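Notes follow the structure.
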Amino acid sequence: MSCLGMAFAVVLFLTGLASYHGFNLDVEEPLVFQEDGASFGQSVVQFDKSRLVVGAPLEVVTVNKTGRLYDCTPATRGCQPISLNTTSEAVDMSLGLSLAASTHLSQLLACGPTVHKACGVNMYIKGTCLLLDSHLQIIRTVPAALPECPNQEIDIAFLIDGSGSIDRADFKRMKDFVRAVMDLSKGTDTQFSLMQYSNLMKTHFTFSQFQTTRSSRSLVDPIAQLNGLTFTATGIQKVVRELFHRRNGARTNARKIIIVITDGEKFKDPLKYSDVIPEAEKANIIRYAIGVGDAFQAHTARQELDIIGSKPSDEHVFMVDNFAALSSIQKQLQEKIFAVEGTQSTASSSFQHEMSQEGFSSILTMIGSYFGASLCSVDVNGDSSSDLVLIGAPHFYEQTQGGQVSVCPFPRRRAKWKCNAVLRGEPGHPWSRFGAALTTMGDVNGDRLADVAIGAPGEQENQGAVYLFHGTSELGISPSHSQDCVEDMVNPIILRLNFSLVGEPIASSQNLRPVLAVGSQDLFTASLPFEKNCGQDHLCEGDLSVNLSFSGLEILVVGSSLELNVIAMVSNEGEDSYGTVISFYYPAGLSYRRTLAIQGTFMVTFDVSYKATLGDKLHLRANVSSENNKPTSNKTTSQLELPVKYAVYTVISRQEESTKYFNFSTSDQKSTREAEHRYRVNNLSQRDLAISVHFWVPVLLNGVAVWDVVLVAPSQSLPCVSEREPPQQPDFQTQMPSSLVLNCSIADCLRFRCDIPSFGIQEELDFILKGKLSFGWASQLLQKKTLVVSMAEVTFNRSVYTQISGQEAFLRAQVEMVLEEYEVYNPMPLLVSSSMGGLLLLALITALLYKCGFFKRQYKEMMDNQPEDTAALNGEDIHSETPDPPLSE
């Protein structure tokens with residue numbers, strides 16, 4: 001059974017599931033399985049006797065999830081995707097690049113060697129394998145978890161010039177630069193301290209204080225300038241002796257770095273550089289010197305800067321014209337400080353086509369072993385039951401060896417998975433990619449145990465080698481190889497065939513044993529020469545050329561374009577070319593992914609790190625060469641440039657705490673009320689950037705005050721300016737009375753602009769527009785209800801950055817505040833008028849009744865009903881006698 005680590009079929013042609021003992025193939029009517037998944041058929045394995053599992057490692061399943069397995073059944077002639085719940089760590093793992101099955105346990109091992117893990121500025125690629133049961137569900141993951149990021153401790157001390165020659169604005173720009181550099185270290189094990197110097201020395205925070213408060217803004221913003229003379233050498237000595245000390249939090253095993261920022265030569269310093277630089281070098285402190293301003297045009301000043309910085313000067317010394325230009329060297333400084341240890345180049349990397357899968361580049365590195373890139377199950381004792389699986393990690397790197405293969409017995413039941421041995425190639429070949437291909441060889445040495453062959457295509461300067469390892473009686477693989485074969489493509493291939501005959505006794509011939517006749521040839525040797533097609537003159541000379549293109553791409557957007565495809569067309573107008581090599585030179589931030597080749601045309605795919613810093617143009621170069629090519633000419637080199645922008649995701653939003661409603665009356669027109677509009681700005685990008693935040697607030701309507709507003713910024717040191725802008729509509733006075741919205745189209749507005757030179761990753765800033773809102777202007781409008789609208793917008797350098805697709809609307813926001821006028825009613829006139837009306841109505845009714853004789857009839861009836869003894873009514877005297885009271889006894 002062949003267990004090659006790489007296959008190239010996209011459409012899978014099957015010959016039927018043949019018997020273990022048969023060798024015939026149906027070539028007339030093959031059974032075809034076909035799916036739309038990218039790279040479907042890259043790997044195929046027979047599983048559980050009646051089905052096939054097919055890998056499609058390049059299929060994009062969901063965001064950050066690549067690779068899918070398919071369960072294909074001949075009976076239904078169809079394939080179904082296998083649903084697997086992989087861990088969140090398994091980012092873009094290319095699941096299904098390699099497959100291996102155990103026959104007796106009905107277990108399947110599916111590997112994806114490209115799990116991405118970000119560690120600071122480095123991107124690591126590790127391999128992960130899934131062990132599946134007979135129902136194709138995950139039993140366990142190998143390894144159980146990805147290894148932790150390598151720990152590289154860095155201690156950085158800033159020494160900043162606070163002398164009187166620096167004005168306040170420039171000193172603030174220097175502080176902004178320090179903050180920006182500190183923010184660039186996010187994701188790394190870096191700590192900071194800072195000392196300011198003039199003729200005085202002041203430690204503003206130590207490494208210990210940084211461990212307690214890691215906010216660059218709270219540590220740097222309060223720093224006030226000392227003023228005075230320039231004692232640079234004394235400052236360096238004080239940093240070396242005090243800040244880089246354990247009592248101040250300096251770590252013993254950390255890389256020690258000092259960054260000196262100054263605007264000129266030292267002045268009246270009692271110490272010389274020769275007194276302090278050797279002390280810094282003895283302490284293994286790397287020194288970066290940054291000179292700012294015109295003073296460094298002088299030779300002596302530049303020479304002093306070179307003395308301050310470590311050697312070589314071109315790697316450790318920076319000069320800028322002014323403090324505003326400090327931001328231009330932030331990224332360069334980051335690349336030099338946080339580059340991977342052991343890498344040399346900070347500008348470009350190169351790789352040869354045959355060795356391009358190592359995945360290394362100098363600054364943003366993709367490092368990983370590609371664990372699981374190749375798989376092979378092995379039946380060691382030939383009992384038709386798989387005993388172990390070989391798992392290749394061809395990109396495993398050590399100083400003298402490259403690649404390794406783990407020998408892993410299939411676990412029994414729920415036993416813990418354990419790989420009990422590791423196979424390696426010969427030392428001295430760190431780029432050999434040992435384990436890129438694996439296969440069983442059957443019993444090569446006659447011990448009735450299966451042997452395996454392991455390929456190392458990068459060995460012998462990419463000529464390649466194959467190693468043979470024998471099986472052992474313990475159902476394992478011997479850790480020592482028995483031989484290795486190297487193909488040189490030039491010397492003839494030698495074939496040797498040995499004949500021997502040991503037969504059983506033949507009864508009809510008196511039990512004689514058959515043997516070869518004496519003198520018979522028992523060894524046959526044949527040679528297959530390597531032929532060079534050099535024409536009649538027998539002088540082989542190739543005439544190679546290479547041309548590059550970006551396949552129609554006009555601009556590379558870092559952070560949005562995850563891959564970059566480069567088309568390399570190689571042609572040969574001469575005679576056969578031998579040992580042809582294509583070398584690519586590409587910047588840090590790109591890492592090789594894969595190559596597809598079709599008749600002299602190569603499509604090379606690079607991963608583009610979302611953290612890559614490529615400048616404003618990507619430069620890429622390719623060179624083609626061979627052992628017998630003509631002398632180098634311009635045809636053998638091709639160069640390309642591609643404009644570069646960086647995707648960002650910046651959001652400004654209104655906050656719910658904003659004032660939303662006021663009502664007022666005409667009597668309130670001379671009063672004011674406090675109003676607030678709140679905005680929040682978030683950087684959801686994967687990089688820092690410089691932004692400006694703009695606010696527009698209506699403050700005057702036709703000469704009448706609207707809102708006496710001020711801007712409250714998140715920091716007093718944040719530079720914000722304001723200016724008055726006239727209405728945007730020239731005929732606003734004719735539109736004004738009927739308007740429902742009061743904004744900058746009809747009102748004079750105050751525009752605020754706040755410049756943020758370094759808006760950190762995941763940083764959040766809050767702004768408040770607040771002040772007294774007046775109501776006198778409202779009488780100019782015919783509407784009872786009006787919306788007072790403020791607007792905000794985030795801008796940045798569009799030649800450098802671009803908002804991610806579909807998110808442009810989040811760069812703008814507005815807050816609407818409803819103002820509603822209500823009527824105030826006085827009840828007194830209503831009461832008076834109602835009372836008067838009631839009295840008038842009563843008088844009218846009385847007059848009507850009188851006129852109708854109502855009161856006369858009542859009087860007559862009263863007189864008619866009077867009693868006769870009412871003499872008093874006739875004028876007669878009436879006497880009444882009261883009886884005497886009884887006398888008491």
Side-chain angles (χ1 to χ4, degrees), residues 169 172-173 176 179-180 217 324 327 645-660 675-685 687-701 705-730 732 741-771 773 787-804 806-817:
K172 181 187 176 304
R173 292 188 180 99
D176 292 339
R179 275 186 31 233
R217 190 177 295 277
S327 60
K645 286 188 178 182
Y646 299 89
V648 295
Y649 187 15
T650 306
V651 175
I652 187 168
S653 58
R654 64 187 181 190
Q655 298 301 293
E656 290 301 318
E657 299 86 352
S658 301
T659 305
K660 296 185 176 65
E676 289 187 356
H677 285 189
R678 293 175 175 261
Y679 291 90
R680 176 168 293 168
V681 185
N682 296 86
N683 182 9
L684 304 181
S685 316
R687 63 177 62 246
D688 299 350
L689 74 156
I691 66 169
S692 295
V693 186
H694 307 262
F695 301 93
W696 290 269
V697 189
V699 295
L700 203 67
L701 180 63
V706 175
W707 194 359
D708 184 13
V709 67
V710 295
L711 175 65
V712 180
S715 171
Q716 293 182 353
S717 62
L718 192 65
C720 295
V721 296
S722 63
E723 62 177 346
R724 183 77 63 85
E725 292 184 351
Q728 298 171 359
Q729 298 291 341
F732 73 97
V741 178
L742 181 66
N743 56 22
C744 295
S745 63
I746 65 172
D748 289 77
C749 276
L750 194 60
R751 176 192 176 189
F752 298 92
R753 188 189 81 242
C754 299
D755 296 325
I756 304 170
S758 179
F759 193 23
I761 299 172
Q762 303 301 315
E763 189 173 356
E764 180 179 277
L765 299 175
D766 289 326
F767 297 85
I768 305 174
L769 297 167
K770 63 185 300 185
L773 184 71
L787 289 179
V788 178
V789 178
S790 68
M791 295 176 292
E793 182 179 14
V794 175
T795 61
F796 43 75
N797 189 342
R798 290 284 181 165
S799 65
V800 178
Y801 304 105
T802 180
Q803 183 83 338
I804 63 174
Q807 307 301 318
E808 285 285 338
F810 291 103
L811 293 173
R812 291 168 291 277
Q814 66 181 36
V815 176
E816 298 176 351
M817 180 169 53

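No experiment lies behind these values; they were computed from the predicted model shown.
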Practice task
Could you tell me whether the side chain of Tyr679 reaches within less than 4.5 Å of the side chain of Val693, counting heavy atoms only?
Solution key: no

Practice task
State, to 0.1 Å, how close Pro698 and Val788 come at their nearest heavy-atom pair, and which atoms those are.
Solution key: CG-CG1, 4.0 Å

Practice task
Name the orientation class of the two ring planes belonging to Phe695 and Phe767 (parallel below 30°, tilted from 30 to 60°, perpendicular beyond 60°).
Solution key: tilted

Exercise for the section: Please name the pair of heavy atoms, one in Arg798 and one in Lys645, separated by the smallest distance, quoted to 0.1 Å. Expected result: O-NZ, 3.1 Å

Handout entry: Val681 vs Pro714 side-chain heavy atoms within contact, under 4.5 Å
Key = no

Handout entry: NZ/NE/NH1/NH2 to OD/OE distance under 4.0 Å, Arg751 and Glu725
Key = yes

Handout entry: Note, Gln803 side chain near Val794 side chain (heavy atom, < 4.5 Å)
Key = no

Problem - 4.5 Å side-chain heavy-atom contact, Glu676 and Glu657 - result: no

Problem - Neighbour count >12 (heavy atoms, 6.0 Å) for atom NZ, Lys172 - result: yes

Exercise for the section: Rounded to the nearest 0.5 Å, what's the gap from CH2 on Trp707 to NZ on Lys770? Could you check? Expected result: 11.0 Å

Problem - Exercise: identify the closest heavy-atom pair between Ser758 and Glu763 - result: O-OE1, 4.0 Å

Problem - Min side-chain heavy-atom separation Arg724-Leu700 under 4.5 Å - result: yes

Handout entry: Shortest non-hydrogen contact from Ile652 toward Glu793
Key = CD1-N, 4.4 Å

Problem - CG-CD1 distance between Asn797 and Ile691, expressed to the nearest 0.5 angstrom - result: 13.0 Å

Problem - Inter-residue atom distance Glu656.CD - Arg678.CZ, 0.5 Å rounding - result: 12.0 Å

Problem - Heavy-atom side-chain proximity of Ile761 to Asp688 below 4.5 angstrom - result: yes

Exercise for the section: Apply the test side chain to side chain contact (heavy atoms under 4.5 Å, CB included) to residues Leu711 and Cys754: give CA-CA distance (whole Å), side-chain angles for both, the deciding distance (0.1 Å), then the verdict. Expected result: CA-CA 10 Å; Leu711 175 65; Cys754 299; 3.4 Å; yes

Exercise for the section: For Ser745 and Gln728, indicate whether the former's side chain and the latter's backbone hold a donor-acceptor pair under 3.5 Å. Expected result: no

Practice task
Could you walk me through whether Tyr801 and Ser685 pass side-chain hydrogen bond (donor to acceptor under 3.5 Å, both in side chains), step by step?
Solution key: CA-CA 11 Å; Tyr801 304 105; Ser685 316; over 6 Å; no

Practice task
Verify, without hydrogens or angle tests, whether Ser692 (side chain) and Asp755 (backbone) share a donor-acceptor contact under 3.5 angstrom.
Solution key: no

Problem - Minimal non-hydrogen separation, His677 against Ser790, with atom names - result: ND1-OG, 2.6 Å

Exercise for the section: Decide, yes or no, whether a salt bridge links Arg179 with Asp176 under the criterion of side-chain N to carboxylate O below 4.0 Å. Expected result: yes

Exercise for the section: Check whether any side-chain heavy atom of Val706 lies under 4.5 Å from a side-chain heavy atom of Val699, and answer yes or no. Expected result: no

Completion exercise
Tightest non-hydrogen contact, residues Gln807 and Tyr649, listed as OE1-OH, 3.2 Å

